[in-house]
Amino acid sequence: MCGIIGLVAHRPVNQGLFDGLTVLQHRGQDAAGMVTCDRGKFYLRKDNGLVRDVFRTRHMRQLVGNMGIGHIRYPTAGSSSTAEAQPLYVNSPYGIALAHNGNLTNAEALKAEVFRSDLRHINTNSDSEILLNVFAHELQRQGKLQVDEEDIFAAVERVHRRAEGAYAAVAMIIDYGIVAFRDPFGIRPLVYGRRETPCGVEYMVASESVALDALGFELVRDVAPGEAIYIDMHGRVFTRQCAESSQLSPCIFEYVYFARPDSIADKVSVHKARLRMGERLAEKILREWPDHDIDVVVPIPDTSRTSASELASGLGLKYREGFIKNRYIARTFIMPGQKMRQKSVRQKLNAIDLEFIGKNVLLVDDSIVRGTTSEQIVQMAREAGANKVYFASAAPPVRYPNVYGIDMPAMQEFVAHDRDEDEICRTIGADRLIFQDLEDLELAVRHGNPEIKVFENSCFTGHYITGTVGKEYLSRLGEARNDAAKEQDRRDVEDNVVGLHNAT
């Protein structure tokens, strides 16, 4: 998962990009970058690390211009090098930089096609570089020294014909403007907004509406599936549906885990969706376990707090904060390597014994993926003095990999793989385990926008919305995403760093 941002303004955008990326930091902590444009030149800064560490004063001074794009990345297998940090750029045609959130499921075939047919070389393992080169090639096919919005939309239209998978992207063309586009299924979120200033109207695109809020922009709307929005350097906005067919199918895991609760995604308040998840989970407990003996509901911070509070209200129980979180530890399920995850859980959370001693505690989390974190937290609750430890998940069991931009593990590493709910319960060491039903989860989100008829819910069902994902692809993906592969990737990066150090 990544975060993207783009700004067209009447003043320097470097600070705005920095602030927007900081607000989107929850979407990735591995690398950050931004490109600005001024007088026919790109100015680029990117590196591994958090936004606040990548951009120092000396870098900000060099990022001049009233137009720019930015990106934050979280680590995926094979993508830990600085070279794959975004934005990426090509010189021809015109000079184009691009930032991308998502994953192309036909990246391997498209890479070969780009080399053989488009005569373009891909220098990294990033599918974002492939997407950039496809867009650049399709724009170059216009054969013009100068292009207009019709040419840009025609290029995006042909991108949709060639690219498969999930992509929310923002591209910047030197001396032209910014182009934002979203795949025909709208799997990854993308919004745009406007801000009135004394110098005129300024525009912004971002992965989440919370970034618009932070910079004082008014949310105009979501970028529609298959749509492209072109904002030129003069602040003129052009929009076009560029896909032959489209169907809004947002990733439901955005509402469960990734998006900030204060964001609006495809007209749905993430906060309210999570409240409804808690309501429906409480209804399930009352329906299936009416004689429960739960004394207190305790959330596993941070994402589950909203659901847990409403669940407690629905059950008429006390809601208590039983864990204190160290906010300087990154999200654990996307950390490479099992040992690192196990170590970080204890560093990240500490139990408040007074909330556990002698009580039957219901722990609530947003989801259960590997089960590593859940198992350790159940054990922490017992060590803190809990009498019984029950566990509730605001999402159904995660049984299948996400191929659209969320770096979940190999299928065999899911705790729910080849296990029923009782076996999962025993594996994490809980006294009872309650999962949200998929139908209830979808209803909780759809209540905010009845226009959403279909969700991308493959991590729960194994059904991939684009219809282009087969067993061979999943097998290759599993080989790339298992812990052994990620550990090797980490070692390769360390070796490269040592080699560069010795060479200098």
Side-chain angles (χ1 to χ4, degrees), residues 1-2 4 73 76-79 84 86 88 90 96 98-141 154-171 179-190 225-228 242-251 253 400-408 410-411 454 456-459 461-481 485:
M1 188 63 60
C2 302
I4 61 175
R73 182 189 72 188
T76 58
S79 68
E84 297 191 4
Q86 298 182 41
L88 300 165
V90 290
I96 305 173
L98 179 139
H100 163 225
N101 174 31
N103 181 59
L104 302 183
T105 54
N106 66 333
E108 188 173 322
L110 198 52
K111 181 178 181 179
E113 182 181 302
V114 164
F115 179 75
R116 290 195 304 266
S117 301
D118 300 355
L119 305 180
R120 287 176 172 268
H121 174 70
I122 304 301
N123 199 52
T124 71
N125 293 321
S126 171
D127 62 333
S128 302
E129 187 184 10
I130 299 172
L131 184 65
L132 167 61
N133 275 273
V134 170
F135 175 66
H137 174 75
E138 297 302 339
L139 196 58
Q140 192 167 25
R141 283 180 59 185
V156 174
E157 182 179 348
R158 287 192 287 269
V159 168
H160 288 326
R161 293 175 185 172
R162 298 178 64 182
E164 298 173 3
Y167 47 95
V170 57
V179 187
F181 56 94
R182 197 175 177 196
D183 71 77
F185 292 91
I187 296 172
R188 291 284 151 243
L190 190 62
E227 183 184 27
C242 297
E244 294 178 355
S245 62
S246 62
Q247 173 185 274
L248 178 59
S249 310
C251 175
F253 217 72
Y400 304 93
N402 182 289
V403 303
Y404 299 122
I406 301 178
D407 190 40
M408 289 183 174
M411 191 182 303
V454 180
E456 199 303 293
N457 58 15
S458 56
C459 56
T461 65
H463 170 69
Y464 296 94
I465 196 73
T466 58
T468 56
V469 178
K471 292 182 179 179
E472 183 180 348
Y473 180 86
L474 293 175
S475 177
R476 291 199 309 269
L477 192 70
E479 291 175 2
R481 286 184 174 182

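Taking every heavy atom of both residues into account, V403 and Y464 meet most closely at CG2-CD2, 3.7 Å. Here the shortest heavy-atom pairing between I406 and C251 reads CD1-SG, 4.0 Å. Smallest separation of non-hydrogen atoms from P225 and P184: CB-O, 3.3 Å. Of all non-hydrogen atoms in L131 and A169, the two that sit nearest each other are CD2-CB, 4.1 Å. Nearest heavy atom pair, residue H137 against residue R162, reads CD2-NH1, 3.7 Å. Heavy-atom minimum distance, P401 versus L474: CG-CD2, 3.9 Å.
The CG atom of N123 lies 4.5 Å from the NE2 atom of H121; values are rounded to the nearest 0.5 Å. Note: F253 CZ to N402 CG = 8.5 Å, rounded to the nearest 0.5 Å.
Side-chain atoms of L190 and I4, non-hydrogen and from C-beta on, do get closer than 4.5 Å to each other. The side-chain heavy atoms of V454 and Q247, taken from C-beta on, include a pair separated by under 4.5 Å. Looking at T468 and N106, their side chains never come closer than 4.5 Å, going by heavy atoms from C-beta outward. Side-chain contact between F135 and R158 is absent, with no heavy atoms from C-beta onward closer than 4.5 Å. Between H100 and Q86 there is a side-chain heavy-atom pair separated by less than 4.5 Å. Within the 4.5 Å cutoff, side-chain heavy atoms of I130 are placed close to those of I122.
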Start with the C-alpha distance between K111 and E108, add both sets of side-chain angles, then the distance that settles salt bridge (Lys or Arg N to Asp or Glu O under 4.0 Å), and finish with yes or no. CA-CA 5 Å; K111 181 178 181 179; E108 188 173 322; over 6 Å; no
Walk me through whether D118 and N133 qualify under side chain to side chain contact (heavy atoms under 4.5 Å, CB included). CA-CA 9 Å; D118 300 355; N133 275 273; over 6 Å; no
Criterion side chain to side chain contact (heavy atoms under 4.5 Å, CB included) on R182 and L248, from CA distance to verdict: CA-CA 11 Å; R182 197 175 177 196; L248 178 59; 4.3 Å; yes
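Taking H160 as the reference, Y167 meet the ring pair (Phe, Tyr, Trp, His ring centres under 6.0 Å) condition, with sequence neighbours excluded.
For the residue pair T124 and E129, a side-chain donor N or O sits within less than 3.5 Å of a side-chain acceptor on the partner. A side-chain N or O of E456 and one of S458 form a donor-acceptor pair less than 3.5 Å apart. Using modelled atom types, one finds no donor on one side chain facing an acceptor on the other under 3.5 Å when comparing T466 with E164.
Under a 3.5 Å cut-off, the side chain of E157 and the backbone N or O of V159 do not form any donor-acceptor pair. Remark: the backbone N or O of F181 is not paired with any side-chain donor or acceptor of E227 at under 3.5 angstrom. Panel note: side chain R188, backbone Y404; a donor-acceptor pair is recorded below 3.5 Å. Between the S475 side chain and the Y473 main chain, no donor and acceptor come within less than 3.5 Å of each other. Counting only distance, with no hydrogens or angles, the side chain of D183 and the backbone of G186 share a donor-acceptor pair below 3.5 Å. Looking only at distances, a side-chain donor or acceptor of D127 sits under 3.5 Å from a matching main-chain atom of L104. Checking side-chain atoms of N101 against main-chain N and O of A168 turns up no donor-acceptor pair under 3.5 Å.
Using a 4.0 Å cut-off between charged side-chain N and carboxylate O, R141 and E138 make a salt bridge.
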